[in-house]
Amino acid sequence: MTSKRKGNWTVEEDKNLCSSWVMISEDGAVGVNQRDKRFWDRVAAQFRSNDRNTSRTIKSMANRMGTITKYCKCWNSAIQRAERNQPSGTNQMDVEHMAEQLYLSETGEKGWNFGHCWWILKRCQNFHTVIIM
């Protein structure tokens, strides 16, 4: 049996997915009152409009966004704690270093690999709503 699984997601695909997710989730005409299937149909259509040669399925997009959300949620928590606990005289680079240490100790990961997604999602109100929930 041949697997339909495609290889790892590229940074560009991640950025496209996050941008598509933000665009659809912040669509004022529709808002957040969308059924899950309709929401992901729209995200997938936006994703494909930016990458016409993709073979990614809606399921793989939703799964990847779940992974991105999970790790960005951990990063968000680490950043907030680092900012709250920063000693006097520290700068933003020190805060990010402290956050990375917190993130690594809590997730067991070897590195923070979703910075390219974080820059897209961090200003999205709906992403922070997902984090709180």
Side-chain angles (χ1 to χ4, degrees):
M1 182 190 287
T2 306
S3 173
K4 293 182 182 179
R5 187 177 188 281
K6 190 176 181 229
N8 292 337
W9 285 67
T10 66
V11 168
E12 288 308 313
E13 285 177 311
D14 281 349
K15 287 179 178 180
N16 181 9
L17 179 60
C18 291
S19 295
S20 298
W21 186 89
V22 167
M23 181 178 289
I24 300 306
S25 68
E26 292 188 338
D27 182 352
V30 179
V32 293
N33 299 322
Q34 307 176 62
R35 295 220 180 259
D36 194 51
K37 180 176 177 359
R38 176 72 179 132
F39 174 80
W40 282 105
D41 285 344
R42 293 182 69 218
V43 170
Q46 180 61 40
F47 182 90
R48 290 180 182 126
S49 75
N50 295 324
D51 182 358
R52 299 203 187 285
N53 297 321
T54 189
S55 61
R56 300 290 184 189
T57 64
I58 292 174
K59 182 178 178 180
S60 70
M61 290 179 205
N63 287 339
R64 182 62 174 179
M65 195 65 202
T67 299
I68 290 168
T69 300
K70 173 185 170 184
Y71 288 108
C72 285
K73 176 178 155 181
C74 291
W75 180 253
N76 183 63
S77 174
I79 283 282
Q80 288 180 352
R81 282 182 286 134
E83 287 173 344
R84 278 194 310 267
N85 298 323
Q86 67 180 333
S88 176
T90 57
N91 58 31
Q92 187 60 33
M93 197 163 77
D94 296 330
V95 169
E96 289 178 13
H97 179 72
M98 290 185 324
E100 185 172 17
Q101 296 309 309
L102 288 167
Y103 172 85
L104 296 176
S105 69
E106 291 171 2
T107 63
E109 294 293 311
K110 294 187 182 349
W112 164 234
N113 299 318
F114 291 102
H116 58 282
C117 297
W118 174 249
W119 286 106
I120 296 168
L121 297 172
K122 75 177 190 172
R123 289 181 286 283
C124 175
Q125 184 58 43
N126 290 335
F127 178 72
H128 291 282
T129 302
V130 169
I131 287 174
I132 292 167
M133 295 169 71

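All values below come from the heavy atoms of this structure, side chains included, with hydrogens, waters and symmetry mates left out. All residue numbers refer to positions in the sequence shown, counting from 1.
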Exercise. How far apart are the closest heavy atoms of Asn91 and Gln86, and which atoms are they?
Worked result: O-OE1, 4.5 Å

Problem set entry | Test item: Cys124 and Trp21 side chains (from C-beta on) under 4.5 Å apart, heavy atoms | yes

Exercise. What pair of heavy atoms forms the shortest contact from Phe47 to Met61, and how long is it?
Worked result: CD2-CE, 3.4 Å

Exercise. Of the non-hydrogen atoms in Thr54 and Arg48, which two are nearest, and what is the gap between them?
Worked result: CG2-CG, 3.7 Å

Problem set entry | Non-hydrogen side-chain atoms of Ser25 and Phe39 separated by less than 4.5 Å | yes

Problem set entry | Nearest-0.5 Å distance, SG of residue Cys18 to CZ of residue Arg64 | 8.5 Å

Problem set entry | Ser49 side chain reached by Gln46 side chain, heavy atoms, under 4.5 Å | yes

Exercise. Do Arg56 and Trp9 meet the cation-pi criteria used here (NZ or CZ under 6.0 Å from the six-membered ring centre, within 45° of the axis)?
Worked result: yes

Seminar exercise, completed: Rounded to the nearest 0.5 Å, the CG atom of Asp14 sits from the CE atom of Met65 at a distance of 9.0 Å

Exercise. Are Ile68 and Leu121 side-chain neighbours, meaning at least one heavy-atom pair lies under 4.5 Å?
Worked result: yes

Problem set entry | Euclidean distance, Leu17 CG relative to Asp51 CG, rounded to 0.5 Å | 11.0 Å

For this session: Search all heavy atoms of Met98 against all heavy atoms of Ala82 and return the closest pair with its distance.
Result: CE-O, 3.4 Å

Exercise. Is there side-chain contact between Ile79 and Tyr103, with at least one heavy-atom pair below 4.5 Å?
Worked result: no

Seminar exercise, completed: Minimal heavy-atom distance between Glu96 and Trp75, with the atoms involved, is O-CH2, 3.9 Å

Exercise. Cut-off 3.5 Å, side chains only: do Asn16 and Asn50 have a donor facing an acceptor?
Worked result: yes

Exercise. OH/Tyr71 to CG/Asn113 distance, rounded to the nearest 0.5 angstrom?
Worked result: 9.0 Å

Exercise. From Ser20 OG over to Lys15 NZ, what is the distance, rounded to the nearest 0.5 angstrom?
Worked result: 13.5 Å

Exercise. Any chance NE2 of His97 has more than 12 other-residue heavy atoms, nucleotides or ligands included, within less than 6.0 Å?
Worked result: no

For this session: Of all the heavy-atom pairs spanning Ala44 and Ile58, show the shortest one and how long it is.
Result: CB-CG1, 3.5 Å

Exercise. Going from CH2 on Trp112 to SG on Cys72, what distance comes out if it is rounded to the nearest 0.5 angstrom?
Worked result: 4.0 Å

For this session: Keeping the roles fixed (side chain from Thr67, backbone from Asn63), state whether a donor-acceptor pair exists under 3.5 Å.
Result: yes

